[in-house]
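The sequence lines fix the lettering, A, B, ..., with proteins before strands; numbering per chain opens at 1. Bear in mind that the values here come from a model prediction, so they are computed numbers and not experimental data.
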Amino acid sequence: MEKLIKIKVEESVFFIKAGAPLSELLRQFPQETKPILFRSNGQLLDLNHPADQERELSLIFPGDPQALEVLRHSAAHLLAHAVTDLFPGIQVGIGPAVENGFYYDFLRPTPFTPEDLEAIEKRMKEIVSLDQPIKRLVVNKEEAISIFQERGQELKLELIQEKGGSEVSLYQQGDFIDFCLGPHLPSTRYIQHFKLLSVSGAYWKGNEKGPQLQRIYGTAFFSQKELEDYLNFLEEAKKRDHRLLGQELELYSTSEDLGGGLVIWHPKGAIIRHEIETFWKEEHLKDGYEFIYSPHIAKLDLWKKSGHTEFYEAMFPPLEFEGFKYQLKPMNCPFHIVAYKSRQRSYRELPLRWAELGTVYRYERSGVLHGLLRVRGFTQDDAHIFCRGEQLEEEIKRVINLAIKLFQAFGFEDYRIYLATRPEKYVGRLEDWDKAEMALEEALKHTGLSYQVDKGEGVFYGPKIDIKIKDAIGRLWQCTTVQLDFNLAERFDLSYVGEDGSFHRPYMIHRALLGSMERFFGVLIEHYKGSFPLWLAPVQMIILPIADRHEAYAKKIQEVFKAQGLRVQVDYSREKVNKKIRQAELQKIPLMAIVGDKEVSNDSLSLRIHGRGDLGQVSLKDLLPRVKELVENKSLQINL
RNA sequence: GCCAGCGUAGCUCAGCCGGUAGAGCAGCUGAUUUGUAAUCAGCGGGUCGGGGGUUCGAAUCCCUUCGCUGGCUCCA
């Protein structure tokens, strides 16, 4: 007598032979119902998962976010399948689904070429059309080992030895077998919409000393449309690349002569930075901050005392002169601490909020440098807050509100907030951590914004809050970090005299809101695709005289606008207006004013807005105050 | 740092199997005086990233060095 197992599927109850594939139950459902996976108790299962225990199943269809991961994981197997077909003897590593697709690592003496990728993709499509079932096998460990030994898959053997239990699950499609927990789609036919994207180096198990593997990246979706949308997104991201726009719009440059990761801000970039900094300073003053300026180097001993020489890896080697060693600063904190310690502090002074646009230097490994986003010399919009325990929550709240206020002015409306709590290894007292974590969380709750708790992800010296901002095409960028520090306060023996007349240790908060000027500028460029809002635009308006007899009038208008602090230029080139307009559009100048005989005669100009075209004649009297208002209000849109 | 790819005029790029460099744009000069995304003509500009080697001859082949780009946490 065979044992029957009770399975509930979407409110209907079935009995099925033990060990039979769950997919048999689907026969009871209408033909057009074609799930790709089951979900049982939150966990995804293969359609052909054997009936092993009483379960409640729900049907998962394409479009489910978890199902997308499965699709991509199956696509990774498909990739490895194709690669092992085409390159016999190749060693396969691991192949998971990742955020935007999947990858698979291979060990092979010669690198893959772009032609190889094409051939692999072609082979993948062939396997898809073969509609090979993807089967789950459960075998004991010894059997699994012999299977991969036979196939000469040393890397897989290593993984099985390390991770496999007494029973091991394998997935097979055609001749290809992989050591894998699953789940997977029922057959290769389900993987229709995919593309291989790139190949790169990666270390076996992420270990730099281990063998270097070749990683093939790809992406996969349930529909062709989603795939195309994603590929278009990649194209769009390329067009927004701040390194290209930075050059085209003459915002900044880097040079071999300087060395990697060192940025020169050109006048057009510098004026934007000036606007950012001015705004930043005003808002900080309003919010009760005071400013600090500190030097770029300090005696090495300061960094020994702070612990940076011991724990901080990204320091440049020290300089030595007059018998002392000096260190280029990787952080601003010790300077602010020295200022704090310049005299005895009273509880009456706290909180102290000390801000500095502090330029720091970090020895980032050459391979990780990237445009403005990862550099070696950069200016943090840093501040340190020294406060008492009971002020903590209020201070954190203020910091978050200030960060949001700044971001909104720059047109970022969508944020992701993360609270990272005490890691396993930490310094400081447990009760301080608990108190601090509670203060951080309370502050977050008060802001009314949603946040995510990353348990155990804090830094060793304190819990922190990170904020990522979402740009115009949905990418997230880490900018803000707010960190409690129990370490430096201790190391420098910070204190204040309390109401009770005895010494107390202040709480110290590090915070950077925009992150760094360089990074934030890079993000801004990509967010706006180089078309900055009026208040930030390096040139806010350009006047285009039609013929040279209109130049005097153009100059007159320019002077009127300049007198109001607006950045206005005149195009004196002896070109046709068409050409001048084209140049101005390419330079992404927000406002263009065409002036010819008509305009001279009635004291007006013909206005054109970048990307929007001709708006017709406007009188100078009307336009000037309106433009000024848009700039002063930091309007993100030009509504005239 | 490691793996891979790339490095030719200010920019974007062409130069096949070695025969000592070319286009477009930009720049300069001149003509044109122009009405909403490129007027025409002429000129100048490169020791082909640096160094070394092979060769009668190297941008092209080899070695080396520098720089840039992509990637190097995400459990089978």
Side-chain angles (χ1 to χ4, degrees), chain A residues 69 73 76-77 80 92-99 102-105 107-114 144 148 153 155-165 168-171 177-182 197-217 241 243-244 247-248 250 253-261 313 363-371 457 544-551 573-587 592-599 605-617:
Chain A
E69 269 180 54
H73 190 185
H77 278 218
V92 301
I94 60 166
V98 288
E99 199 182 341
F102 61 88
Y103 68 79
Y104 216 110
D105 286 344
L107 182 59
R108 178 176 180 239
T110 44
F112 290 111
T113 63
F148 286 99
Q153 291 295 349
L155 298 178
K156 285 289 170 195
L157 279 174
E158 201 179 315
L159 290 175
I160 295 171
Q161 305 279 16
E162 259 173 49
K163 306 198 172 192
V168 157
S169 63
L170 308 179
Y171 275 80
I177 298 189
D178 205 348
F179 171 50
C180 178
L181 279 179
L197 297 172
S198 63
V199 54
S200 74
Y203 298 102
W204 177 233
K205 295 178 183 166
N207 177 2
E208 287 187 18
K209 290 175 184 95
Q212 177 107 24
L213 307 178
Q214 291 182 63
R215 175 168 297 178
I216 297 180
Y217 280 93
D241 192 318
R243 294 166 302 179
L244 266 125
Q247 184 188 56
E248 278 170 20
E250 296 185 89
S253 69
T254 54
S255 155
E256 276 189 44
D257 294 334
L258 301 188
E313 287 174 3
Y363 178 57
E364 301 288 355
R365 302 199 293 176
S366 60
V368 305
L369 299 175
H370 179 94
E457 295 291 312
L544 313 175
I546 287 177
D548 50 7
R549 64 176 176 277
H550 309 122
E551 284 175 2
S573 64
R574 295 289 150 85
E575 299 284 353
K576 289 189 169 180
V577 233
N578 287 345
K579 176 78 172 270
K580 293 182 183 180
I581 287 169
R582 179 179 157 79
Q583 294 302 336
E585 289 283 356
L586 290 175
Q587 282 298 305
M592 287 156 272
I594 289 99
V595 294
D597 292 335
K598 282 186 278 179
E599 289 75 13
L605 26 79
S606 280
L607 197 66
R608 187 185 162 101
I609 298 184
H610 170 63
R612 283 201 249 158
D614 189 8
L615 294 197
Q617 283 190 57

Item to check | Min side-chain heavy-atom separation A:Leu155-A:Asp105 under 4.5 Å | outcome: no
Checklist entry - Between B:C11, B:C74, B:U69, which nucleotide has the shortest distance from any of its atoms to the side chain of A:Arg243? => result B:U69
Checklist entry - What integer number of Å spans the P atoms of B:G5 and B:U20? => result 29 Å
Next on the checklist: Please check if the number of heavy atoms outside A:Glu99 that lie under 6.0 Å from its CD is greater than 12.
Outcome noted: no
Checklist entry - Between A:Arg549 and B:U33, is there a side-chain N or O to OP1/OP2 distance below 4.0 Å? => result no
Checklist outcome for this item: In whole angstroms, the gap separating C1' of B:G35 from CD of A:Glu551 amounts to 16 Å
Next on the checklist: If I take atom NZ in residue A:Lys580 and atom P in nucleotide B:U32, what distance separates them, rounded to the nearest angstrom?
Outcome noted: 16 Å
Next on the checklist: Rounding to an integer number of angstrom, what distance separates B:G22 and B:G44 when you compare their C1' atoms?
Outcome noted: 16 Å
Provide a list of protein-nucleic acid N or O atom pairs under 3.5 angstrom, restricted to nucleotides 37-39 of chain B.
unit_1	atom_1	unit_2	atom_2	d
B:A37	N7	A:Arg608	NH2	3.2
B:A37	N6	A:Glu585	OE1	3.3
B:A38	N9	A:Arg582	NE	3.4
B:A38	N7	A:Arg582	NE	3.2
B:A38	N7	A:Arg582	NH1	3.1
B:A38	N7	A:Arg582	NH2	3.3
B:A38	N6	A:Arg582	NH2	2.6
B:A38	N1	A:Arg582	NH2	3.3

Item to check | Partner nucleotide of B:A23 by Watson-Crick or wobble geometry (both distances under 3.5 Å) | outcome: B:U12
Item to check | Pairwise P distance, B:G42 and B:C56 [rounded to whole Å] | outcome: 43 Å
Checklist entry - Can you check the A:Glu99 CD to B:C72 P distance for me, whole Å? => result 12 Å
Next on the checklist: So, OP1 or OP2 of B:C68: does either fall under 4.0 Å of a side-chain N or O from A:His370?
Outcome noted: no
Next on the checklist: According to salt bridge (Lys or Arg N to Asp or Glu O under 4.0 Å), who are the partners of A:Lys580, at least two apart in sequence or on a separate chain?
Outcome noted: none
Item to check | A:Leu544 CG - B:G35 C1' separation (whole Å) | outcome: 11 Å
Next on the checklist: Measure CD1/A:Ile546 against C1'/B:U33 and give the value in whole Å, please.
Outcome noted: 11 Å
Item to check | Base B:G10 paired with A:Glu250 side chain (donor-acceptor, <3.5 Å) | outcome: no
Checklist entry - Reckon A:Val168 touches a base, only the sugar-phosphate, or nothing at all at heavy-atom distances under 4.0 Å? => result nothing
Checklist entry - Are A:His370 and A:Arg243 side-chain neighbours, meaning at least one heavy-atom pair lies under 4.5 Å? => result yes
Checklist entry - Looking for any heavy atom pair under 4.0 Å, which part of the strands does A:Glu364 touch: base, sugar-phosphate only, or nothing? => result nothing
Checklist entry - Hey, does A:Ser169 reach any base, or is it just sugar-phosphate, or nothing, if we go heavy atoms under 4.0 Å? => result nothing
Item to check | A:Tyr363 vs A:Lys598, nearer the 5' end of RNA chain B by closest nucleotide | outcome: A:Tyr363
Item to check | Strand partner of B:C6, provided both Watson-Crick or wobble distances fall under 3.5 Å | outcome: B:G67
Item to check | Flag, side chain of A:Gln161 to backbone of A:Glu158, donor-acceptor distance under 3.5 Å | outcome: no
Checklist entry - Any side-chain N or O of A:Tyr203 less than 4.0 Å from the OP1 or OP2 oxygen of B:A4? => result no
Item to check | Nucleotide forming a Watson-Crick or wobble pair with B:C17, both distances under 3.5 Å | outcome: none
Item to check | d(CZ, A:Arg215; P, B:C2) in whole Å | outcome: 19 Å
Item to check | B:C75 to B:G15 separation - C1' atoms, rounded to the nearest Å | outcome: 50 Å
Next on the checklist: To the nearest 0.5 Å, what is the distance between CD on A:Gln583 and CD on A:Glu575?
Outcome noted: 8.0 Å
Checklist entry - Mind checking the P distance from B:G19 to B:C48? Whole angstroms is fine. => result 16 Å
Checklist entry - Which is true for A:Gly95 with a 4.0 Å heavy-atom rule: it touches a base, it touches only sugar-phosphate, or it touches nothing? => result nothing
Checklist entry - How close or far is atom P of B:C3 from atom CD of A:Gln214, stated in whole angstroms? => result 12 Å
Checklist entry - What are the two closest non-hydrogen atoms of A:Gln617 and A:Ser606, and how far apart are they? => result CG-OG, 3.4 Å
Item to check | Euclidean distance for C1', B:C63 against B:A21 (whole angstrom) | outcome: 25 Å
Item to check | Integer angstrom distance from the P of B:A58 to that of B:G53 | outcome: 11 Å
Checklist entry - So do A:Pro96 and A:Phe102 actually touch side chain to side chain, heavy atoms under 4.5 Å? => result no
Checklist outcome for this item: pair_partner(B:G45), Watson-Crick or wobble, both distances < 3.5 Å, evaluates to none
Item to check | For A:Glu585 against A:Gly611, the heavy-atom pair lying closest together | outcome: OE1-N, 3.2 Å
Next on the checklist: Could you tell me how far apart A:Arg365 (CZ) and B:G67 (P) are, to the nearest whole angstrom?
Outcome noted: 15 Å
Next on the checklist: Could you tell me how far B:C17 sits from B:A59 if I compare only their P atoms? Round to whole Å.
Outcome noted: 15 Å
